[in-house]
**Student:** 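Sending over a structure as structure tokens; questions will come in a sec.
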Amino acid sequence: MNKTVTRVSGLAIAFSLFQVGSTTLFLLGAKAKQDAWLAMLIGALAGFVLLIMYLYMHKLDPHRDLYELLCHYWGKWVGSLGGLLFISYFAYEASRSVRDIGELGALTLLNRTPTEVITFIALIVCADVVWFGPRVWFLLCHIFLLLLVFGYGILLLLTPFTGLIHFEFLFPVLENGLTPVVKAAIPEIVSFPFGQTVLFLVLFKIVTDKRKLQRSIVIVYWITAVFLIVMNELTILVLGPEWAASSTYPLFEVTQLIQLPKIVERADVLFSMILFIGIGVKTAGFMFGAVIGLQTITPFRYKPALLLLSIIIYGLTFLSPRLTEFLWFGLHVALVRVWPIFQIALPVLLLLTMLIRKKKRRAYS
């Protein structure tokens, strides 16, 4: 963990892949039906406001990560408590991501293998990346970016080529007004995936070249957001808003419809592989957030902290034994009631504390 990253490109690529993660696996803004793309856009705009806040917090104190900011500005005890809450948040998010890998693997490639086994293997692989520190994660993301661009590029090419797209599913626009669209976007789409970038308050510190950080992250954020909007809308253009909304993994069903005799007959396998990469990147990111926090506010060193948290994360994957319960809790409890606390409420309180402390210092100086 004492290695630093001199280039912002590694963090920016990891930032993009982290946002993609498991996002394409689900239909976001399903309540808005054919206007889901508008809900995604509103969610991206709200998430961008949060990102600017995170970047501003880092700019105010660029030499401290999230946990150090909490302890410095809130005091040791209150800051440590806030840090433990964030560790719990990141650990649970990691458990949900690795559970997604297990469920997807059991559904697509390893249908005779128990989900628990697939989840365990996925967690070991992600923990192995985290073991070697963020620098290795950033380097791997350069390779993963090429694979994901190739994989998603093939899907975007094959879907219209095979005549699956129906543009009539785009209309009518705003059939029920703007209110259902806003309700579909806030807080669900803000919480997942855009608000999850709060994790990078832990990682911004390790980039030594601060001059390009804000500009690079903003550019990458919007490129990724546009891509996610396109992939989300692709599902609706193929399946229609009703079918897509009722499906557990709608884009996976889209890939099953792609068939070019003697050329492409199992595009769903390609989609599964690029999803494994994306979700793996997100899982490793959340694990970094939790491990660095445990190392910062407790006596645990980095690798013992990783071992302890890996055991906890694996245990957390069994909190919801059934897939329906797992998805319901994520959509109706975590996204709406819990995640906004960590993505909005606590960061806003921390920023206000930072501004007040900075103002007092200027008054006394």
Side-chain angles (χ1 to χ4, degrees), residues 1-24 44 47-66 68-69 90 93-94 97 125-126 128-154 156 193-231 273-289 291-292 302:
M1 276 303 299
N2 55 1
K3 293 182 179 179
T4 58
V5 181
T6 56
R7 294 184 181 179
V8 74
S9 60
L11 184 137
I13 291 172
F15 181 90
S16 176
L17 298 190
F18 175 84
Q19 273 195 291
V20 173
S22 58
T23 307
T24 56
F48 182 64
V49 173
L50 293 179
L51 177 64
I52 293 299
M53 179 177 70
Y54 304 150
L55 288 168
Y56 182 62
M57 291 168 68
H58 175 68
K59 186 178 179 180
L60 286 175
D61 201 335
H63 302 296
R64 293 187 175 95
D65 63 27
L66 173 62
E68 292 167 335
L69 290 173
F90 293 143
E93 283 276 38
S97 294
V125 173
C126 294
D128 186 55
V129 174
V130 178
W131 183 274
F132 293 100
R135 188 170 182 271
V136 171
W137 185 51
F138 293 152
L139 292 173
L140 284 172
C141 283
H142 283 81
I143 301 171
F144 293 154
L145 177 66
L146 297 176
L147 295 175
L148 263 66
V149 168
F150 173 77
Y152 281 113
I154 292 294
L156 287 170
F194 301 112
Q196 291 177 326
T197 55
V198 69
L199 167 75
F200 284 81
L201 273 173
V202 181
L203 300 172
F204 286 150
K205 171 191 169 182
I206 62 178
V207 176
T208 55
D209 185 6
K210 307 292 185 183
R211 295 172 300 173
K212 300 178 182 178
L213 178 63
Q214 183 167 333
R215 181 172 178 270
S216 299
I217 292 297
V218 167
I219 291 172
V220 166
Y221 177 89
W222 279 113
I223 292 174
T224 309
V226 170
F227 166 75
L228 291 176
I229 292 170
V230 169
M231 294 305 299
M273 295 305 296
I274 58 179
L275 262 177
F276 287 148
I277 293 172
I279 303 173
V281 168
K282 175 162 278 190
T283 304
F286 281 126
M287 290 180 74
F288 275 121
V291 173
I292 292 172
Y302 184 80

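On a predicted model such as this, the values are computed, not experimentally measured, just so you know. Residue indices begin at 1 and follow the sequence shown.
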**Student:** Can you see which heavy atom on G10 is nearest to which on H142, and at what distance?
**Tutor:** CA-CE1, 3.6 Å
**Student:** Can you tell me how the ring of F18 sits relative to the ring of F286, calling it parallel under 30°, perpendicular over 60° and tilted otherwise?
**Tutor:** perpendicular
**Student:** If you define the side chain from C-beta out and look only at heavy atoms, does anything of I277 sit under 4.5 Å from M273?
**Tutor:** no
**Student:** Hey, mind stepping through V207 and F200 against side-chain contact (heavy atoms from CB on, under 4.5 Å) and telling me if it holds?
**Tutor:** CA-CA 11 Å; V207 176; F200 284 81; over 6 Å; no
**Student:** Checking ring-ring contact (aromatic ring centres under 6.0 Å, His included) for the pair F90/F288: CA distance, chi angles, key distance, verdict?
**Tutor:** CA-CA 9 Å; F90 293 143; F288 275 121; over 10 Å; no
**Student:** Look up atom CG in L69 and atom CG in L201, then write down how far apart they are to the nearest 0.5 Å.
**Tutor:** 7.0 Å
**Student:** Measuring only between side-chain heavy atoms, which start at C-beta, is F144 closer than 4.5 Å to L147?
**Tutor:** yes
**Student:** Taking side chain to side chain donor-acceptor pair (under 3.5 Å) as the definition, give me every residue that meets it alongside D128, ordered by chain and number, with sequence neighbours left out.
**Tutor:** none
**Student:** When you compare the side chain of T208 with that of V8, does any pair of heavy atoms fall below 4.5 Å?
**Tutor:** no
**Student:** For residues V218 and L55, determine if any side-chain heavy atom of one lies less than 4.5 Å from a side-chain heavy atom of the other.
**Tutor:** yes
**Student:** My understanding is that only residues two or more places apart in sequence, or in another chain, count here; which of them pass side chain to side chain donor-acceptor pair (under 3.5 Å) with Q19?
**Tutor:** none
**Student:** Taking all non-hydrogen atoms of both residues into account, name the closest pair between V202 and G289 and its distance.
**Tutor:** CG1-CA, 4.3 Å
**Student:** Check whether more than 12 heavy atoms from other residues, nucleotides or ligands sit under 6.0 Å from atom NZ of K210, and answer yes or no.
**Tutor:** yes
**Student:** Return the minimal non-hydrogen interatomic distance between G21 and L275, and the atom names on each side.
**Tutor:** O-CD2, 3.9 Å
**Student:** Check side-chain contact (heavy atoms from CB on, under 4.5 Å) between V136 and all other residues, then give those that pass, not counting sequence neighbours.
**Tutor:** F132, L140
**Student:** To the nearest 0.5 Å, tell me how far L17 CG sits from C141 SG.
**Tutor:** 5.0 Å
**Student:** Are F204 and I217 close enough that some pair of their side-chain heavy atoms sits under 4.5 Å apart?
**Tutor:** yes
**Student:** Determine, stepwise, if the pair M231 / V20 fulfils side-chain contact (heavy atoms from CB on, under 4.5 Å).
**Tutor:** CA-CA 10 Å; M231 294 305 299; V20 173; over 6 Å; no
**Student:** I'd like to check T23 versus K282 (side-chain heavy atoms, cut-off strictly below 4.5 Å). Are they in contact?
**Tutor:** yes
**Student:** Taking atom OG1 of T24 and atom CD1 of I279, what is their separation to the nearest 0.5 Å?
**Tutor:** 7.5 Å
**Student:** Does the side chain of V198 reach to within under 4.5 Å of the side chain of Y54, using non-hydrogen atoms?
**Tutor:** yes
**Student:** For the CZ atom of R135 and the CG atom of L11, what is their distance to the nearest 0.5 Å?
**Tutor:** 14.0 Å
**Student:** Testing the basics here: between P193 and L228, what is the closest heavy-atom pair and its distance to 0.1 Å?
**Tutor:** CG-CD1, 4.0 Å
**Student:** Give me the atom names and distance for the closest heavy-atom approach of Y302 to V130.
**Tutor:** OH-O, 2.5 Å
**Student:** I'd like to know if K205 pairs up with E68 as an ion pair, taking the criterion as any Lys NZ or Arg NE/NH1/NH2 lying under 4.0 Å from an Asp or Glu carboxylate oxygen.
**Tutor:** yes
**Student:** Can you tell me how far the OG1 atom of T224 sits from the CD1 atom of I219, to the nearest 0.5 Å?
**Tutor:** 11.5 Å
**Student:** Starting from the C-alpha separation in whole Å, work towards a yes-or-no answer on side-chain contact (heavy atoms from CB on, under 4.5 Å) for L146 and F150.
**Tutor:** CA-CA 6 Å; L146 297 176; F150 173 77; over 6 Å; no
**Student:** Closer than 3.5 angstrom, by distance alone: can the side chain of S16 be matched with the main-chain N or O of I13 as a donor-acceptor pair?
**Tutor:** no
**Student:** Search all heavy atoms of C126 against all heavy atoms of G280 and return the closest pair with its distance.
**Tutor:** SG-O, 3.7 Å
**Student:** Can you label the angle between the Y221 ring and the F15 ring as parallel, tilted or perpendicular, going by 30° and 60°?
**Tutor:** tilted
**Student:** Step by step, work out the side-chain contact (heavy atoms from CB on, under 4.5 Å) result for I292 and D65.
**Tutor:** CA-CA 9 Å; I292 292 172; D65 63 27; 3.8 Å; yes
**Student:** Is the W222 ring parallel, tilted or perpendicular to the F48 ring (thresholds 30°, 60°)?
**Tutor:** tilted
**Student:** For the atom pair CG (L213) and NE2 (H58), what is the distance rounded to the nearest 0.5 Å?
**Tutor:** 5.0 Å
